[in-house]
Structures are given as C-alpha cells and as structure tokens.
Amino acid sequence: MSDNGTDTKAIELPASMTVRQLADSIDSSPIEIIKTLMANGVMANINQMIDFDTAAIVAAEMGYDATLEVIDQVEAGDSGEIPLWRRLIAKEKEEDLVRRPPVVSILGHVDHGKTSLLDSIRQTHVQEGEVGGITQHISAYQITHNDRLITFLDTPGHAAFTAMRSRGAQGADIVILVVAADDGVMPQTREALAHARAAQVPIIVALNKIDKSNANPDYVKQQLSEVGLIPDDWDGDTIVVPVSATEKSGLEDLLEAINLVSDNMDIYANPNGEVLGTVIEAEIDRHRGVLATLLVQNGTLHTGDALVAGTSHGRLRAMFDFNGNAIEEAGPSTPISVMGLNEVPEAGDVFRVVDSDKEARAIIADRLDRQKQQATLAAPAMTLESLFERYQSGEVRELRLIVKADVQGSLEPIISSLEEMKAGDKVGEIGVNVLHADTGNISKDDISLAAASQAIVMGFNVTADVAARKQAEVEGIDIRNYNIIYRLTEDVEKALKGMLEPEERETVIGKAEVRAIFTIRKIGKIAGCRVTDGEVRRNAFMRVIRNDKVIHDAPVSSLKREQEDAREVRQGFECGINVEGFDDFKVGDILQCYIHELVKVE
C-alpha cells in the first residue's frame with residue numbers, strides 16, 4: 001500500500017534516466033520529482049541523469065513499486081558493475097537454482113601459446129567419442145574433467161573480451177591469463193590483466209612453455225608479483241600453474257585449478273527460468289544464412305524458440321553443439337550455433353527468448369527508437385571535472401584510471417602516489433582504481449578499456465596516436481596529458497575533493513592562406529584568403545605568420561564572404577579577413593585562427 005492508502009502500481013524503470021523521463025513514466029510533473037529528490041538530499045535539474053535506485057525511491061513515494069527494466073537495459077552496456085544478466089538470475093528463487101559449469105576465457109600476450117593451450121585441452125579432454133569428430137570450429141566449446149563440465153570461450157583476445165563487457169555481457173566466470181615462461185610479462189599481458197580486473201573475475205595464471213630450455217619461472221613469478229598477481233606458492237592468492245601446451249603437461253592441474261576456483265564461486269542458473277545469454281560471434285554462411293554462436297546463461301533454449309538479440313530476431317530453425325551435432329535444447333553454460341536470425345547480431349549482444357515473432361519485432365522497433373533518443377541524450381563522458389558531482393548523484397563509486405608514461409622511472413612514482421592517495425583518508429569516500437599502468441603512447445586498446453570501464457586515460461610525457469584520439473572522441477573518453485608528476489596527482493586529488501575547475505586554454509580552430517590584398521574605404525586593407533584547415537570565425541583571434549614567424553596577434557575585426565559579413569567561413573571557401581591593428585598583409589601569409597575556452601586540464 002502507498003502512503004495515501006491506494007494500491008501501489010507496478011512499474012519497470014531503466015537503469016538510468018533523466019528527471020523528465022521519470023516524470024513522464026509515473027505521470028507526474030518534473031517539479032514534483034525535483035522536490036522529492038531535494039527532500040531526499042539529491043539536487044538535480046530536469047535533464048540530469050539519475051540511477052535506478054534513486055528513481056525507485058522517488059517512485060515509491062508516489063505510489064509505485066519499481067523494478068529494473070531488464071529487457072531494454074541488457075543492450076545498454078556496463079560500467080564495470082555486475083552484468084545485467086547476472087542481476088536477472090539473482091531474481092530467481094533460490095530453490096530453483098542449480099550449479100552450472102564455469103565459463104572460462106583465455107587471455108594473454110600474442111605468441112604466448114593461448115591457441116596451443118586451448119587446442120591441447122580440447123584434443124585431450126573433449127567428451128568420449130568426440131575426439132577427432134569436430135566437424136567445425138566455433139569459438140566456444142565444453143570439456144569434461146573429473147566428470148565435471150567446463151565451458152571455454154575461444155575469443156580472439158582481450159579486445160573481443162572487452163567488446164562483450166562493454167555491451168553488458170561479461171560471459172566469463174574465470175579468466176586464464178597465459179604467460180610464457182621464457183618471455184614473461186609483456187605489454188599485452190598487462191593489458192589482458194587490466195581487462196580481466198575490470199571485469200571483476202578471478203584470475204588463474206597458466207605459466208606456459210615451461211619445457212623450454214630458457215624458461216625462467218621464478219623470474220616470471222617475480223614479474224607477476226610486481227603487477228599484483230602474487231603466486232600462491234609465494235604466500236599470495238593467485239594460482240599459478242606450470243604447463244606445456246606442446247607436451248600436454250600440466251593440463252590436469254590447470255583444469256583442477258578451474259574446478260577449485262569455481263567451487264568457491266556462486267555459479268548458478270535456473271534451467272527452467274527465463275532464457276537469455278550472450279552472442280559470442282556471428283557471421284553469414286553462404287549455405288546456411290546467418291549463423292550465430294551463443295552461450296546460454298539462464299533457462300533452456302529450444303529449437304523453434306523466437307529469439308531477440310540486439311536488433312536482430314528470428315525463430316531458431318536449427319541448433320548445433322560445439323561439435324556440429326544437431327541438438328534440440330541447450331541449458332545454462334552451453335555453447336551452441338544457431339540458424340534462423342534475420343541479420344547478424346554483434347558479439348556481446350544479450351539474447352532472450354520471447355513469446356512470438358510479433359513481440360520480437362515490437363521489442364526491436366522500441367530499441368531502435370531508444371537508440372535514436374539516446375544518441376541525442378547520450379550520457380556525459382566520465383571526466384575529472386564531473387567526478388564528484390556524479391559520485392554525489394550515485395552514478396560512480398570510484399575513479400578508474402588508465403595511466404601511460406614515457407618510461408618506467410616515471411610510471412613508478414605516479415602509481416606510488418596514486419596508491420598512497422587510495423590508502424589515505426584525505427580524499428573522502430571515493431576510491432581510486434588504477435585499472436592499467438604501462439609505458440608507451442596511448443593506444444586504441446587503452447581507449448577500448450576506458451570505454452568498457454568508464455575510466456579516464458592519463459598520460460605522462462606521452463601522446464595519443466591518431467586512431468586512439470579518434471576513438472576517444474567517438475566514445476567520449478577523457479584523455480589528459482601531463483609533463484609534471486605533481487600536476488597529475490594534484491588534479492586527481494582535487495577531483496576526488498570536488499575542487500577541480502576547468503582552465504581557460506587556447507584552441508586553434510583553423511588556418512587560412514592570403515591569396516590577394518584589397519583596400520576597402522573605412523576598413524583598410526583586407527586579406528583575400530582561402531581557408532585551408534578547419535574554420536575561421538569573426539569573434540576569434542588571429543595570428544599573422546610569415547616565414548614561420550608570428551608578426552602580429554590580435555582579434556579579428558571583420559570577416560566577409562562574398563562581400564557580406566559572415567560569422568564563420570569553413571575549409572575550402574574564400575573570404576576577406578581584417579585583423580585589428582594590422583594592414584601589412586602579403587600574399588603567402590598564413591593566418592592562424594584561435595579561440596579562448598574553458599577546457600579540461602591537460
């Protein structure tokens with residue numbers, strides 16, 4: 001019952017929404033919502049995003065019983081928290097849950113033996129009668145060890161692993177980090193480790209190539225300790241298993257370690273519950289049409305079921321196990337290939353079974369509409385400036401960082417300072433979590449990890465390559481560059497305290513080349529120009545550059561396009577420019593247009 005004595009109304013709300021959207025959902029006015037938020041200590045405007053928990057409190061005070069709207073949110077991605085399919089399973093009745101096989105993903109540096117290890121495990125431990133009978137290779141399969149099933153995801157690397165997480169999937173329960181005993185911890189090892197940690201799953205290290213004459217396991221264990229993976233035989237909590245994929249040694253110990261770790265995890269599902277899972281990969285087969293590899297994570301999937309996966313749908317015409325054998329049903333943790341979807345879904349899309357094709361089409365139409373709305377109301381990027389505000393609104397609980405430096409000598413004091421900040425009490429309740437720290441320029445992989453984990457990329461004496469910058473712009477990732485260590489740590493501390501303010505900076509927005517000189521009465525000399533890069537604006541500043549030297553710097557006093565005043569002129573067009581206090585233009589001069597704006601500290 002609600003406070004006014006009427007029956008409460010059930011309502012489903014998404015994981016996040018604006019105040020206006022909440023008002024529309026519960027037939028209330030935005031003003032009433034804002035008043036209720038203020039009464040609960042939350043200051044918000046009409047367009048501010050609020051999370052589900054906050055919205056549920058407001059809805060409850062207005063007579064609504066809110067539950068999380070899973071059907072549309074499974075597509076929305078994650079922020080490093082519990083995947084939404086796991087939340088759905090958490091709603092199942094305890095008596096209906098049964099243990100399911102663990103799902104394992106293998107990550108590591110290139111050439112450290114991931115594929116060889118997977119092949120050795122598969123050839124040695126597939127179920128009896130299936131050895132050599134594999135008719136196709138799909139990216140997931142099951143093996144049996146000590147009468148217990150284990151599901152392996154054979155992804156092409158940590159980039160695919162992250163793509164799944166960024167869409168809210170996180171298919172793996174356990175990560176095997178493969179490290180070569182003769183090569184040690186390499187850059188991609190650190191990246192893979194960062195992705196596994198961001199996914200918040202247990203890590204087992206497979207110390208591969210132990211049979212090599214130049215193998216140095218103790219040295220590699222020391223390297224592992226330095227990145228926070230202290231081996232269990234060094235009194236740490238990371239299981240490190242020596243293996244040789246080529247000689248097929250240590251495989252039993254590795255599989256036993258997987259079972260040991262899974263025994264200490266709550267790996268359950270309801271085989272009779274709602275059917276949903278993750279798309280592992282998909283392609284168009286010349287003979288069979290759309291062929292998708294799926295991992296069932298709850299419920300039991302049957303041939304003939306109507307399925308929705310992302311913005312694709314269809315009724316399953318056929319299902320095959322990882323050996324290519326036709327099957328009629330598949331339960332939790334089972335990898336399968338299916339036929340019948342109308343288009344290729346994306347890896348990481350969460351699929352679910354619906355009652356009819358009509359319902360599937362309606363869901364997809366609604367999702368496409370929401371995607372259009374979200375494109376115009378995209379959530380703001382995680383920035384240092386917005387950190388404290390987002391913490392107060394309940395959107396974040398920690399500051400996630402990816403740190404890149406020019407040399408190890410720079411990286412160590414930075415990480416040390418951040419760790420001290422994390423341990424101290426001077427920054428309040430917000431945690432600092434360094435997901436990944438390494439030397440070298442900022443790469444596209446760093447941006448992918450940041451996008452999947454809502455992290456900020458911080459660089460010291462490094463640059464971001466072109467591909468990384470472009471992806472950061474698309475993903476809304478905050479890249480901050482420094483050349484003084486204390487400025488980096490100072491900015492982090494200020495952000496944690498809610499004190500960081502943007503600074504006024506100069507931004508070059510365009511260039512023009514002087515092609516001719518004109519004299520106009522009452523104005524003086526006008527430079528007839530062609531804009532060669534970006535744009536020039538009337539309310540901006542202009543540098544006159546001659547022979548690579550700046551000879552004048554002043555505001556733009558007039559900008560004309562075809563004898564008419566113009567506010568801006570873009571690349572490729574011609575215009576007339578007059579600069580305040582200057583009339584000594586010459587053909588060939590370069591005019592650099594810039595503005596002053598408040599921007600993030602770099």
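As the structure is a prediction and not an experimental result, all values here were calculated from the model. We use all heavy atoms of the structure for the numbers below, so side chains are in, but hydrogens, waters and symmetry mates are not.
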Would you indicate whether [X], at its atom [atom1], is surrounded by more than 12 heavy atoms from other residues, nucleotides or ligands within a distance under 6.0 Å?
| X | atom1 | answer |
| --- | --- | --- |
| E94 | CD | no |
| E473 | CD | no |
| D285 | CG | yes |

| message | Over 60° means perpendicular and under 30° means parallel, so tell me whether Y141 and F152 are parallel, tilted or perpendicular. | response | parallel

With side chains defined as the heavy atoms from C-beta onward, is the minimum distance between [X] and [Y] less than 4.5 Å?
| X | Y | value |
| --- | --- | --- |
| M319 | L301 | yes |
| L307 | L341 | yes |
| N146 | E256 | yes |
| L224 | V240 | yes |
| R361 | H313 | yes |
| L295 | T334 | no |
| I479 | I456 | no |
| D173 | R100 | yes |

What's the separation between atom [atom1] in [X] and atom [atom2] in [Y], rounded to the nearest 0.5 Å?
| X | Y | atom1 | atom2 | value |
| --- | --- | --- | --- | --- |
| L251 | I121 | CG | CD1 | 6.0 Å |
| D445 | L449 | CG | CG | 9.0 Å |
| L435 | I402 | CG | CD1 | 6.0 Å |
| L254 | S249 | CG | OG | 11.0 Å |
| L255 | E252 | CG | CD | 6.5 Å |
| N298 | L276 | CG | CG | 6.0 Å |

Is the side chain of [X] donor-acceptor paired with the backbone N or O of [Y] at a distance under 3.5 Å, no angle test?
| X | Y | answer |
| --- | --- | --- |
| D321 | N323 | yes |
| S244 | E247 | yes |
| E328 | H302 | no |
| N208 | A245 | yes |
| D349 | V279 | no |
| N342 | S312 | no |
| Q471 | A467 | no |

| If you look only at pairs with a residue in residues 431-441, which of them pass as a salt bridge (charged side-chain N to carboxylate O under 4.0 Å, His left out), with sequence neighbours excluded? |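 Those involving residues 431-441 are R190-D438.
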
| task | Could you list all the salt bridge (charged side-chain N to carboxylate O under 4.0 Å, His left out) pairs where at least one residue sits in residues 299-308, not counting sequence neighbours? | result | none

| Residues L193, V227; criterion side-chain contact (heavy atoms from CB on, under 4.5 Å); working and verdict | CA-CA 9 Å; L193 173 60; V227 295; 3.8 Å; yes

| said: Assess the residue pair I204 and V261 against the criterion (side-chain contact (heavy atoms from CB on, under 4.5 Å)); give the C-alpha distance rounded to whole Å, side-chain angles, the decisive distance to 0.1 Å, and a yes or no. | reply: CA-CA 9 Å; I204 298 172; V261 170; 3.7 Å; yes

| message | Closer than 4.0 angstrom, basic N to acidic O: yes or no for R148 and D263? | response |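 Result for this pair is yes, salt bridge flagged.
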
| Can we say D478 and R480 salt-bridge, meaning some charged N sits less than 4.0 Å from an Asp/Glu carboxylate O? |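 Judged by the 4.0 Å cut-off on N to carboxylate O distance, D478 and R480 do form a salt bridge.
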
Minimum heavy-atom distance [X]-[Y], with the two atoms named:
| X | Y | value |
| --- | --- | --- |
| V98 | P271 | CG2-CD, 3.5 Å |
| R315 | G304 | NH1-O, 2.8 Å |
| I11 | S25 | CD1-O, 3.4 Å |
| A360 | V354 | CB-CG2, 3.8 Å |
| A450 | V457 | CB-CG2, 3.8 Å |
| L177 | L229 | CD2-CD1, 3.8 Å |

Residues which pass salt bridge (Lys or Arg N to Asp or Glu O under 4.0 Å) with [X], listed by chain and number, not counting sequence neighbours:
| X | answer |
| --- | --- |
| D465 | none |
| D211 | none |
| R469 | none |

| field | Qualifying residues under side-chain hydrogen bond (donor to acceptor under 3.5 Å, both in side chains), relative to T151, sequence neighbours excluded | value | Q142

| task | Go through the steps for D183 and K212 under the test salt bridge (charged side-chain N to carboxylate O under 4.0 Å, His left out), then give the verdict. | result | CA-CA 10 Å; D183 204 12; K212 299 278 290 271; over 6 Å; no

| query | N481 and T463: side-chain contact (heavy atoms from CB on, under 4.5 Å), yes or no, with the steps? | reply | CA-CA 8 Å; N481 292 310; T463 59; over 6 Å; no

| remark: When I143, L149, D147 are each screened for side-chain contact (heavy atoms from CB on, under 4.5 Å) with H145, the one that passes is I143

| field | Passing option when R197 is tested against N433, V434, I203, V175 for side-chain contact (heavy atoms from CB on, under 4.5 Å) | value |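 Per the side-chain contact (heavy atoms from CB on, under 4.5 Å) rule, the option paired with R197 is I203, out of N433, V434, I203, V175.
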
| field | side chain to side chain donor-acceptor pair (under 3.5 Å) between Q297 and S333, worked out | value | CA-CA 5 Å; Q297 291 166 307; S333 293; over 6 Å; no

| request: Kindly determine whether I174 and I258 satisfy side-chain contact (heavy atoms from CB on, under 4.5 Å), including the steps that lead there. | output: CA-CA 8 Å; I174 299 170; I258 292 171; 4.2 Å; yes

